[in-house]
Amino acid sequence: MNEPMPCIHTRRGFLRTTLLGGALTLTVPAFLADTFSSLHAAALDSATQIATGKDAPILVLLQLAGGNDGLNTVVPYANDFYLRARPRLGLRKEGVIPLTDQIGLHPGLTGFKSLFDDGHLSIVQGVGYPNPNRSHFRSTEIWETASDSGRNEKYGWIGRYFDNACSGADPTVGVNIGNETPQAFWSPTPKGITLKNPGSYRFESGAKVAMGEADATETYYKELNQESGPAHTDENAGASIGSLTSGSGMAQSGDGSPLSFIERTALDAQVSSDKVQAISQAGHNLAAYPNSGLANDLKLIARLISGGMTSRVYFASQGGYDTHTNQANAQQKNLQDLGDALLAFCNDLKAQGNFDRVVVMTFSEFGRRVGENASGGTDHGTASPQFVCGGGVKGGLVGDYPSLDPAHLDQGDLVHTVDFRSVYAGLLENWLKTPSDKILQGRFNPFPLFT
């Protein structure tokens, strides 16, 4: 009886089943075994790839999706303009965690206060960009591509970082914890993997299989990966197919066709799948985490770091910040989760001895309008604070809080005081140690974030 042939997924299918972002753009026939065999042989004979290194600095991007209300997160509780604009939602002195005699944190952010007191949390005030866009989709695109608001850009700023600074690195140089690859990772030469849990990061056909058994698609690809001979056992065994380049930049065994690209992608994915599962089993969490989706995502990232994953960038997302109605309860829940989960993550990294090599940066597509609305919420606005935390971060309040004087607002919205791309430039140049101009497609003065 003939075995069923595995399904070749579309690009969206690859994203949804946790394979490499941007891997496929069309549906194609099954692999040609002879072509794949020669490609695999080339992989076994390849030179050592550029190493990411288990001691290299790590950046964790944490998206606050929906547009977090920065005014009720980093609260100007002593400002009369703020209190008049928000007679119901405004937080008074007794309802905040004071940082200064003017500024306090939302009461849910007790975890952030602990990090702040230890000097490990930098609060960048008034972050935004010129000519702000109030569409969720478009503004998220601007933040993830680091583009001007008047220019559409396809590829992400982290994708450009991978292309410019991580040539030859494993696909696992970037790890997104989720179901679809963020635009921040998109690039002409895709790198980075997307997964929700290590156990599901493998080839899948969609067929139901018994617990512990391999899917027919996974088995098929594994067999293809082994056709050219015994497994490679030296230190080069984890090299990605991305390192198999000739002087012209073409893969040594490839012909530039879509089929060759898919074959390279499949081998990358199989190597990545085995690597991720092995590392996640080797890693250990050394701190207690709250019970939430965000906490579980950060817990997985900490476990991968503990296990020795050589990724340079991780990406996670927390939703629920689009608070047009009944904001008080929703934001309390979200910010409590955010603060507690991030504190647990930092405690875990400290116990591992990895805290000084990890920096976390939050971002949200926009803040909210200064005035509250009639539904107990706030509407789409502009500037908002960013949080950057880590062992090497220069802690404290940095940047200027935007003016709340109605005469200085832009049609009821805050005017940003820090361009978000300056924050990116600070991370790229002073943390990831790479020039930022080409990645950000312009010159932005690196924001001083580090000691």
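As the structure is a prediction and not an experimental result, all values here were calculated from the model.
Put simply, the side chain of Val127 does not reach to within 4.5 Å of the side chain of Pro385, judged on heavy atoms. In this structure, the side chains of Thr100 and Leu397 come closer than 4.5 Å at one or more pairs of heavy atoms. Side-chain atoms of Arg312 and Leu59, non-hydrogen and from C-beta on, never get closer than 4.5 Å to each other. Using a 4.5 Å cut-off on side-chain heavy atoms (C-beta onward), Val173 and Ser311 make no contact.
In this structure, a donor-acceptor pair under 3.5 Å is present between the side chains of Arg151 and Gln441. Between the side chains of Tyr82 and Asn72, a donor-acceptor pair is found at a separation under 3.5 Å. Asn373 and Thr378 form no side-chain donor-acceptor contact under 3.5 Å, judged by distance and modelled atom types alone. Side-chain atoms of Glu365 and Ser135 form no donor-acceptor pair, as typed in the model, at a separation below 3.5 Å. Using modelled atom types, one finds no donor on one side chain facing an acceptor on the other under 3.5 Å when comparing His380 with Asp413. A donor and an acceptor atom, one from each side chain of Thr194 and Thr181, are located under 3.5 Å apart.
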> Run the side chain to side chain contact (heavy atoms under 4.5 Å, CB included) check on Ile123 and Val398 step by step: do they pass?
Replying inline: CA-CA 6 Å; Ile123 302 173; Val398 295; 5.9 Å; no
>> As a quick check of understanding, evaluate side chain to side chain contact (heavy atoms under 4.5 Å, CB included) for Val370 and Leu409, giving each step before the final call.
In response: CA-CA 9 Å; Val370 173; Leu409 300 180; 4.0 Å; yes
>> Could you walk me through whether Val74 and Phe387 satisfy the side chain to side chain contact (heavy atoms under 4.5 Å, CB included) test, starting with their C-alpha distance in whole Å, then the side-chain angles of each, then the deciding distance to 0.1 Å, before giving a yes or no?
In response: CA-CA 10 Å; Val74 180; Phe387 299 97; 3.8 Å; yes
> What do the steps show when you test Thr362 against Gln318 for side-chain hydrogen bond (donor to acceptor under 3.5 Å, both in side chains), and what is the final call?
Replying inline: CA-CA 10 Å; Thr362 71; Gln318 179 197 30; over 6 Å; no
> Passes side chain to side chain contact (heavy atoms under 4.5 Å, CB included), Asp410 versus Thr382? Steps please.
Replying inline: CA-CA 9 Å; Asp410 179 13; Thr382 53; 5.8 Å; no
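Using cut-offs of 30° and 60° for the angle between ring planes, the Trp143 and Tyr424 rings count as perpendicular.
Judged purely by atom type and a 3.5 angstrom limit, Arg368 has no side-chain atom pairing as donor or acceptor with the backbone of Gly377. No donor-acceptor distance shorter than 3.5 angstrom exists from the side chain of Gln386 to the backbone of Phe420, with no hydrogens or angles considered. In this structure, Arg92 contributes its side chain and Tyr77 its backbone to no donor-acceptor pair below 3.5 Å. Not a single donor-acceptor pair under 3.5 Å links the side chain of Asp148 to the backbone N or O of Gly150. A side-chain donor-acceptor contact under 3.5 Å links Glu153 to the backbone of Tyr155. Judged by distance alone, the side chain of Trp431 and the main-chain N or O of Ile58 form a donor-acceptor pair under 3.5 Å.
Among residues two or more places apart in sequence or in another chain, the side-chain contact (heavy atoms from CB on, under 4.5 Å) test is passed with Asp163 by Ser187, Pro188, Thr189, Lys191.
At a threshold of 4.0 Å, the pair Asp69-Arg369 does not count as salt-bridged, since none of the basic side-chain nitrogens sits closer than that to a carboxylate oxygen. The pair Lys350-Asp356 fails the salt-bridge criterion, with no side-chain N (NZ, NE, NH1 or NH2) lying under 4.0 Å from an Asp/Glu carboxylate O. Of the charged side-chain nitrogens involved, at least one lies within less than 4.0 Å of a carboxylate oxygen, so that Lys275 and Asp170 count as a salt-bridged pair.
Separating the CG atom in Leu61 from the CD atom in Glu144 is a distance of 9.0 Å, to the nearest 0.5 Å. Here Leu62 contributes atom CG and Ile177 contributes atom CD1; the two are 11.5 Å apart, rounded to the nearest 0.5 Å. Between the CH2 atom of Trp157 and the CZ atom of Phe185 there is a distance of 10.0 Å, given to the nearest 0.5 Å. Atom OG1 of residue Thr73 and atom CG of residue Leu91 lie 9.0 Å apart, to the nearest 0.5 angstrom. Atom OG of residue Ser317 and atom CZ of residue Phe363 lie 7.0 Å apart, to the nearest 0.5 angstrom.
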Anything under 3.5 Å between a donor and an acceptor, one on a side chain of residues 442-451, the other on a protein residue two or more places apart or in another chain? List them.
from	atom 1	to	atom 2	distance (Å)
Arg443	NH1	Glu429	OE2	2.7
Arg443	NH1	Asp437	OD1	2.7
Thr451	OG1	Gly392	O	3.4

Could you pull out all donor-acceptor pairs under 3.5 Å where a side-chain atom in residues 106-116 meets a protein atom, sequence neighbours excluded?
from	atom 1	to	atom 2	distance (Å)
His106	ND1	Gly108	N	2.9
Lys113	NZ	Asp117	OD1	2.9
Lys113	NZ	Asp117	OD2	2.8

Which donor-acceptor pairs under 3.5 Å do side chains of residues 340-348 form with protein atoms, sequence neighbours excluded?
from	atom 1	to	atom 2	distance (Å)
Asp340	OD1	Gln336	NE2	3.3
Asp340	OD2	Gln336	NE2	3.1
Asn347	ND2	Leu343	O	3.4
Asp348	OD1	Leu286	N	2.8
Asp348	OD1	Gln352	NE2	3.3
Asp348	OD2	Asn285	ND2	2.8
Asp348	OD2	Tyr289	OH	2.7

Distance-only check: which donor-acceptor pairs under 3.5 Å involve side-chain atoms of residues 294-308, not counting sequence neighbours?
from	atom 1	to	atom 2	distance (Å)
Asn296	ND2	Ser292	O	3.3
Asp297	OD1	Lys196	NZ	3.2
Asp297	OD2	Lys196	NZ	3.3
Arg303	NE	Ser280	O	3.1
Ser306	OG	His284	N	3.1
Ser306	OG	His284	O	3.3

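Ser384 and Gly70 get closest at one heavy-atom pair: OG-CA, 3.5 Å. Counting all heavy atoms, side chain and backbone alike, Arg160 lies closest to Ala146 at NH2-CB, 3.9 Å. Across every non-hydrogen atom of Leu121 and Val393, the tightest pair is C-CG1, 4.5 Å. Heavy-atom minimum distance, His408 versus Val415: O-CG2, 3.5 Å. Residues Thr434 and Ala165 come closest through the heavy atom pair OG1-CB, 3.7 Å. Among all heavy-atom pairs drawn from Ser436 and Leu428, the shortest one is CB-CD1, 3.9 Å.
Heavy-atom neighbours of Asn329 CG from other residues, nucleotides or ligands within 6.0 Å: at or below the threshold of 12.
For residues 120-133, the set of pairs meeting the side chain to side chain donor-acceptor pair (under 3.5 Å) definition, not counting sequence neighbours, comprises Tyr129-Ser139.
Applying the side chain to side chain donor-acceptor pair (under 3.5 Å) test between Gln331 and each of Asn68, Asn326, Thr323 identifies Asn68 as the sole match.
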